[in-house]
There are 2 protein chains.
Amino acid sequence: MSDHQQRRTSPPSGHSGDALPPVEQHAQQYETVRNAHETELIEDYVELIGDLIRHRGEARAADIANRMAVSQATVSKMIRRLNELGLVTSKPYRSLFLTEEGQKMAETSRARHDIVLHFLRALGVDDSTARIDAEGMEHHVSDKTLTIMQRFTEQQIK
Amino acid sequence: MSDHQQRRTSPPSGHSGDALPPVEQHAQQYETVRNAHETELIEDYVELIGDLIRHRGEARAADIANRMAVSQATVSKMIRRLNELGLVTSKPYRSLFLTEEGQKMAETSRARHDIVLHFLRALGVDDSTARIDAEGMEHHVSDKTLTIMQRFTEQQIK
DNA sequence: GATAATTGTTAGCCAAGGCTAAACTGTTTG
DNA sequence: CAAACAGTTTAGCCTTGGCTAACAATTATC
Ligand SMILES: [Mn+2]
Ligand SMILES: [Mn+2]
Ligand SMILES: [Mn+2]
Ligand SMILES: [Mn+2]
């Protein structure tokens, strides 16, 4: 008698929940998430730099490190990357500036972040929870959903 | 005349938008996101393995690779990690099983995933967009927000 | 203006999560 | 039952994004 298991057992007929999506669609879900992960940290840096400039007049590495709860070395390394990507300009030991492209990204990210944050609040989530959730969710919300969120928030306010 | 810039310039008085949150709160936003990133891939694997077992009777590495759009080598390596974490059991060249702990995680992840997906649909997002957004958002939605989403979905259905 | 404190950089380490190429095992088929 | 095929594993490579420790530059203080 063989100890091999059958290669394809039939699904236990009475299983609950939705069916699995077709392979291609399922694959696209994960791919989209992986792509978002590649850009999200960049976006958060650029957005924060923009916010610091707007609210404080300048963006310094030490402030970024404090606000992100990350070492200064990590920030320094990331700034080099942002530089290479053409998003910020920086001279050694001086504060940071956004390039045209960086400003555009900062603006877009901030707008999206705000929509998600305001949506969560309109939904009834308390401010500090909303801020935490928005920081992560923002990178995974499609433009379509963003539009719907914005409409919802406006409805609630009226 | 010195070419030094002033170290602290005052904020351009007429800046738009919300104020920056206090440093500690701001830091916590980013920390929470970083923590979520450490577990989210693990959760997706475990959840998918659970789904494959439920819907297909077994979970094989090749199926995971196809559904995740990732190489088999990547899956193989990840399975070793899941093993070390005590989430799955596996014999070489055989299909996968979830441990007690793995089953618990699969169940929790699936429940959370479903709440987010159903919420997005209730909000008016089309199915395929909702699926993509939910796959990323789920890992960044707090329990508090999850509860609110669930209530919202139930309201819409009634 | 010398010294102390703060801020920024560099070097070198690590883990996670991708990949390709090559080897190996299990299953199916002629 | 041997060969071909499909599935799995391993080795080795790469990038990202963390860290610490040591050093360098700037700014503040006496
Ligand atoms: Mn943001
Ligand atoms: Mn963010
Ligand atoms: Mn999921
Ligand atoms: Mn997911």
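Letters A, B, ... are given to chains in the order of the sequence lines, protein chains preceding strands, and every chain is numbered from 1.
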| task | Would you mind checking if Arg110(A) and Glu107(A) are paired as a salt bridge, meaning a charged N to carboxylate O distance below 4.0 Å? | result |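 Judged by the 4.0 Å cut-off on N to carboxylate O distance, Glu107(A) and Arg110(A) do form a salt bridge.
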| message | Using a 4.0 Å heavy-atom cut-off to protein, can you give one letter per nucleotide of nucleotides 11-19 of chain D, 5' to 3': B if the base is in contact, S if only the sugar-phosphate is, - if neither? | response | -----SBBB
So, [X] and [Y]: side-chain donor and acceptor under 3.5 Å apart, yes or no?
X: Glu40(A); Y: His37(B); answer: yes
X: His26(A); Y: Asn66(B); answer: no
X: Thr89(B); Y: Asn83(B); answer: no

| For dG7(D), does OP1 or OP2 lie under 4.0 Å from any side-chain N or O of Arg60(B)? |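 No.
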May I have the distance from [X] (atom [atom1]) to [N] (atom [atom2]), rounded to whole angstrom?
X: Glu40(B); N: dG18(C); atom1: CD; atom2: P; result: 10 Å
X: Leu96(A); N: dT7(C); atom1: CG; atom2: C1'; result: 12 Å
X: Arg94(B); N: dT9(D); atom1: CZ; atom2: P; result: 11 Å
X: Glu58(B); N: dG26(C); atom1: CD; atom2: C1'; result: 13 Å
X: Tyr30(A); N: dG18(C); atom1: OH; atom2: C1'; result: 17 Å
X: Asp44(B); N: dA16(C); atom1: CG; atom2: C1'; result: 15 Å
X: Asn83(A); N: dG8(C); atom1: CG; atom2: P; result: 15 Å

| task | May I have all residue pairs that pass ring-ring contact (aromatic ring centres under 6.0 Å, His included) and include part of residues 109-135 of chain B, sequence neighbours excluded? | result |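 Output for this query lists Phe119(B)-Phe152(B).
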| query | Which residue pairs pass the side chain to side chain donor-acceptor pair (under 3.5 Å) test with at least one member in residues 124-137 of chain B, sequence neighbours excluded? | reply |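 Those involving residues 124-137 of chain B are Gln29(A)-Glu135(B), Ser142(A)-Asp133(B), Thr145(A)-Asp133(B), Arg121(B)-Asp127(B), Asp126(B)-Thr129(B), Asp127(B)-Arg131(B).
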